[in-house]
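This report refers to the structure that appears directly beneath it.
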Amino acid sequence: MAYTRKDVSTLTGAERRRFVNALLEIKRKGEYDEFVRMHIDHYVSDGEGGRRSAHMAPSFLPWHRRFLLDLERALQRVDSSVTVPYWDWTRDRTKTAAPWTPDLLGGNGRRSDHQVTTGPFAYATGGWTIRENVTDGEFLTRDLGRAAAPIGLPTTSDVEWALQDPVYDSAPWDSTVTRGFRNKLEGWGTGSGSAAWRNHNRVHRWVGGVMLGGASVNDPVFWLHHAFVDLLWTRWQSRHREHRYLPAEPPGPRDSQHRRVVARKEKLPPWNVTPDQLEDASGIYRYA
Ligand code: CU
Ligand code: CU
């Protein structure tokens with residue numbers, strides 16, 4: 001039977017404790033850092049060559065869906081009752097709301113160096129030393145709302161703008177497309193300043209610290225954020241039932257995106273699974 005992923009603001013005290021403890025346990029075993037490394041290794045941008053599977057590409061959504069499932073399985077090996085909660089940032093919009101509480105992810109970073117000093121992932125607890133990073137920082141950092149140049153979380157109408165688009169994605173299937181649900185949700189915009197960051201990307205900017213780069217998995221909020229992004233994909237699917245993942249076929253040899261993106265029935269690196277097989281996860285989990 002399918003299990004349930006819950007809104008993080010509705011978790012009971014016991015559910016919060018079990019989720020946090022499972023995260024700390026896979027971190028202690030070294031498994032967590034393998035997830036961080038994998039995300040860093042797949043952080044290929046469209047300015048580089050090669051196939052893009054995780055970002056700036058149609059498979060942004062199935063790639064992160066499978067990534068979350070792998071993490072969830074690792075947590076469930078520790079505690080079978082645990083599922084990944086989601087953070088609905090259209091509702092929980094302050095620096096002290098869920099999930100930024102001392103019994104969940106802890107709060108904002110301190111002013112001097114953005115080090116998170118509260119909650120279970122504070123450096124001083126000894127249980128959350130960062131070992132896989134794109135910089136040499138060993139402690140978790142956050143700059144909620146980006147104090148020096150404030151940026152707001154995306155709103156319900158920002159999300160609605162993405163959900164309304166009936167087309168999953170469009171050529172050239174990268175960070176420059178202005179049509180299609182995928183990039184409207186992934187959030188690569190045009191222009192300069194914070195207006196260029198939309199939806200998913202804007203949330204990474206709002207959290208700041210380690211959430212800004214390829215090593216964003218080091219902040220456990222990564223999973224709660226991506227669970228909500230995944231939920232929004234299911235909402236888009238139920239609103240546009242006749243529309244599916246695109247491209248259906250691989251771009252041809254004369255196309256600039258030839259071998260650069262993953263078509264519906266191609267393998268999604270690094271797994272032996274296709275976007276087609278990941279479109280419907282309702283047999284595995286549902287969102288409450
Ligand atoms: Cu990612
Ligand atoms: Cu992300």
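Please read these numbers as outputs of a predicted model, since none were measured by experiment. Note that ligands are numbered from 1 as they come in the structure, with each ligand's atoms numbered from 1 the same way. Just the heavy atoms: all of them, side chains too, but no hydrogens, waters or symmetry mates, feed the values below.
- The aromatic ring centres of Trp233 and Phe228 sit 6.0 Å or more apart.
- Between the side chain of Thr101 and the backbone N or O of Ala98, no donor-acceptor pair lies under 3.5 Å.
- Sorted by chain and number, the protein atoms of type N, O or S within less than 2.8 Å of the Cu ion (ligand 1) are His39 NE2, His55 NE2, His64 NE2.
- Residues passing the ring-ring contact (aromatic ring centres under 6.0 Å, His included) test with His204 are His200, His225, His226, sequence neighbours excluded.
- For the atom pair CG (Asp46) and CH2 (Trp188), the distance works out to 8.0 Å, reported to the nearest 0.5 Å.
- Ring centroids of Trp223 and Tyr86 are separated by 6.0 Å or more, keeping the two rings apart.
- Here Leu232 contributes atom CG and Thr234 contributes atom OG1; the two are 7.5 Å apart, rounded to the nearest 0.5 Å.
- Sorting the N, O or S atoms of His204 by how far they are from the Cu ion (ligand 2) puts NE2 first.
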